[in-house]
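Step one of this worksheet: look at the structure below.
All values below were derived from every heavy atom in this structure, side-chain atoms included, with hydrogens, water molecules and symmetry-related copies excluded.
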Amino acid sequence: MSETTLFDVSYEERKQPLLTQTLERLRPIYSQSELNVLRIDGMSREGLAQRSGRGFVNRDILETVLGNLLECVAPGSHNAPHLHHQKRELSEAIEEVADQLYAMVTQSFLAVTDETDLDDALETTFALLWELPRLKSRALWNRFASLKDPAVWDAYLLHTGISREKIAAIDFRSQIDTAIQERTFEPYQDFLGTLNLATVLDYQLQLVVSTYPGWRVLFYHDVAYALTRDEAPEDNPNLKRVPVPLLPRAISELGGRYYQADLHPETQIGDANFLEHPHRGVTTGQTGIIGSGCVIYPSTFGGLSVKVKQRHPIIGDFVEVGTDTSLLGPVQIADHSTIGTNTEIYGFVEIAQRCRIGSSVVIGTIRGASDHPGRIYIGEEVRIGDGTVIENTSEMDLIIPNRAQIPARSHVANDGFGFPRYIV
């Protein structure tokens, strides 16, 4: 395909019906105040059509496209382009983003093959734009989840007369979790109102959208993940979508370069998650799954196997993972559990709901006498003290019963019958 045919008359004819449908879908999701601050940075057609060769796409263009998509889900949060580059009307803005994204998708296919189905590239582009309402909602809930950070009660708020002692005595996180579960801000707003702090929420959300990196890198991941899908959007089965080569990984790499959060584009991640200090490094793998409502400090969710199978951790909802924690292999952490700092869990380990794993704990299945060690199953509401080591070298599963209390610095192994044995 020649460069000059990327935006030819045929493209315009195929684009317009899709653009019209998409605009009808998108208009209701924007308030007038959002439209007033929406800033989409334009690019020349010549620049977008320029082939990048087998070395893939122009990173500068990719940064512009991602910035514009970020504006689409959080207007006013990213761009401040020169006036002559701005697209003021929503129709102009979405059309500009569509052209840019289409160029990226098409260039990605052309980087690995000399020919591509332009209809597939166009429909894949609009499949992502069709999902902007969902992506916008996810971005909002990821921002709201960031309010779990006590630092949102910053010097500015405290200077307005709120007592630090008063704030310290209040459990805001439970109210935020309730709001996430009910999918409405009202529980948190009402709670603030009872404390005469009704105006706080707007400031805290502005603080997050302006300065917090976690929700941004999660949005990058949402875009990358969408570009790996091959199913039509749920409410538009007529749109054909195909996985895009290279581009999802390039977006992931860009997120890592900006924020040191290396989220594999195929990791399944829920929303309303708070990445705390992602600049210190968060890593996920291809087959990993992370639920909703989680708090994740700098940590590694890695794999142990080189086989194409489930080889990365599966994390439930409302799980907290502490700093410098490593979860390696098909580890499973169920809902409402907490994993302490500097803990390592690896192999065939399942942790049930509402467990509390202390700091500097090591839990793992070990290939010793058996090439196929049994799993370690930790029952519900188990408490494991700091510095504990739990290992299983037996072929038989090691089961820690529900509500067990394992003291700090214990060393636990399999007694050969599946029960815990304490080693002195």
Side-chain angles (χ1 to χ4, degrees), residues 1-8 11-12 14-15 18-19 22 38-75 77-88 92-118 120-129 131-132 135 216-217 219-228 241-259 261-263 265:
M1 186 186 75
S2 69
E3 297 169 5
T4 57
T5 61
L6 192 60
F7 296 108
D8 60 9
Y11 166 73
E12 295 296 335
R14 291 180 290 117
K15 178 183 73 173
L18 294 171
L19 180 61
T22 302
L38 178 66
R39 298 290 184 266
I40 298 301
D41 200 356
M43 299 187 67
S44 70
R45 294 289 188 86
E46 292 78 9
L48 291 172
Q50 182 65 41
R51 287 287 297 273
S52 299
R54 297 283 180 177
F56 186 43
V57 297
N58 185 307
R59 257 52 174 193
D60 292 334
I61 296 177
L62 180 56
E63 290 178 11
T64 299
V65 174
L66 289 173
N68 285 336
L69 286 169
L70 198 62
E71 275 286 301
C72 288
V73 300
S77 67
H78 186 77
N79 283 345
H82 296 299
L83 289 176
H84 65 278
H85 284 164
Q86 290 179 9
K87 303 300 179 182
R88 293 185 175 276
E92 292 181 319
I94 298 302
E95 184 171 15
E96 177 66 29
V97 174
D99 289 345
Q100 293 175 6
L101 186 58
Y102 169 74
M104 289 275 93
V105 171
T106 303
Q107 298 280 21
S108 299
F109 281 110
L110 291 173
V112 298
T113 180
D114 291 331
E115 295 294 333
T116 188
D117 188 327
L118 298 185
D120 284 355
L122 186 62
E123 292 200 32
T124 297
T125 295
F126 275 93
L128 190 147
L129 296 177
E131 290 193 303
L132 279 177
L135 298 178
R216 293 172 181 264
V217 74
F219 173 71
Y220 279 20
H221 174 268
D222 281 349
V223 174
Y225 181 80
L227 293 173
T228 69
R241 176 160 55 181
V242 295
V244 179
L246 306 177
L247 184 57
R249 294 298 292 268
I251 295 171
S252 175
E253 184 273 334
L254 205 60
R257 188 171 77 182
Y258 283 162
Y259 305 114
D262 183 9
L263 309 181

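For the atom pair NZ of Lys15 and OH of Tyr102, the computed distance is 10.0 Å after rounding to the nearest 0.5 Å. Expressed to the nearest 0.5 Å, how far CG of Leu101 lies from CG of Leu66 amounts to 9.0 Å. Here CG of Leu19 is found 8.5 Å from CD1 of Ile94. Values are rounded to the nearest 0.5 Å. Once rounded to the nearest 0.5 Å, the distance linking CG of Leu48 with CZ of Phe7 reads 4.5 Å. Separation of atoms CG (Leu227) and CE (Met104) is listed at 11.0 Å; rounding is to 0.5 Å. Atom CZ of Arg45 and atom CG of Asp99 lie 4.0 Å apart (nearest 0.5 Å).
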Check the pair Leu6, Tyr11 against side chain to side chain contact (heavy atoms under 4.5 Å, CB included), reporting the backbone distance first and the verdict last. CA-CA 7 Å; Leu6 192 60; Tyr11 166 73; over 6 Å; no
Which is it for Leu128 and Glu131 under the side chain to side chain contact (heavy atoms under 4.5 Å, CB included) test, yes or no, and what are the steps along the way? CA-CA 5 Å; Leu128 190 147; Glu131 290 193 303; 5.5 Å; no
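With hydrogens and angles disregarded, a donor-acceptor distance shorter than 3.5 Å links the side chain of Glu96 to the backbone of Met43. Although no hydrogens or angles enter the test, the distance criterion places no donor-acceptor pair under 3.5 Å between the side chain of Glu123 and the main chain of Leu18. In this structure a side-chain-to-backbone donor-acceptor pair under 3.5 Å is present from Thr228 to Tyr225. In this structure a side-chain-to-backbone donor-acceptor pair under 3.5 Å is missing from Ser108 to Leu246. Checked by atom type and distance alone, the side chain of Ser252 never pairs as donor or acceptor with a backbone atom of Pro248 at under 3.5 Å. Glu71 places a side-chain N or O within donor-acceptor distance of the main-chain N or O of His78, the cut-off being under 3.5 Å.
Of all non-hydrogen atoms in Pro265 and His221, the two that sit nearest each other are O-NE2, 3.9 Å. Closest non-hydrogen pair, Leu62 versus Ala250, comes out as CD2-CB, 4.0 Å. Shown here for Thr125 and Ala98, the closest heavy-atom pair between the two residues is CG2-O, 3.7 Å. Nearest approach of Leu247 to Val244, heavy atoms of both residues: CB-CG1, 3.9 Å. When all heavy atoms of Arg241 and Ala127 are compared, the closest pair comes out as CD-CB, 3.8 Å.
Ile251 is not listed as a side-chain neighbour of Leu254, based on a closest heavy-atom distance of 4.5 Å or more. Counting heavy atoms from C-beta on, the side chains of Phe219 and Leu69 come closer than 4.5 Å. Using a 4.5 Å heavy-atom threshold, the side chains of Val242 and Phe109 count as touching.
Here the options are Val65, Leu70, Thr64, the test is side-chain contact (heavy atoms from CB on, under 4.5 Å), and the partner is Asn68; only Thr64 passes.
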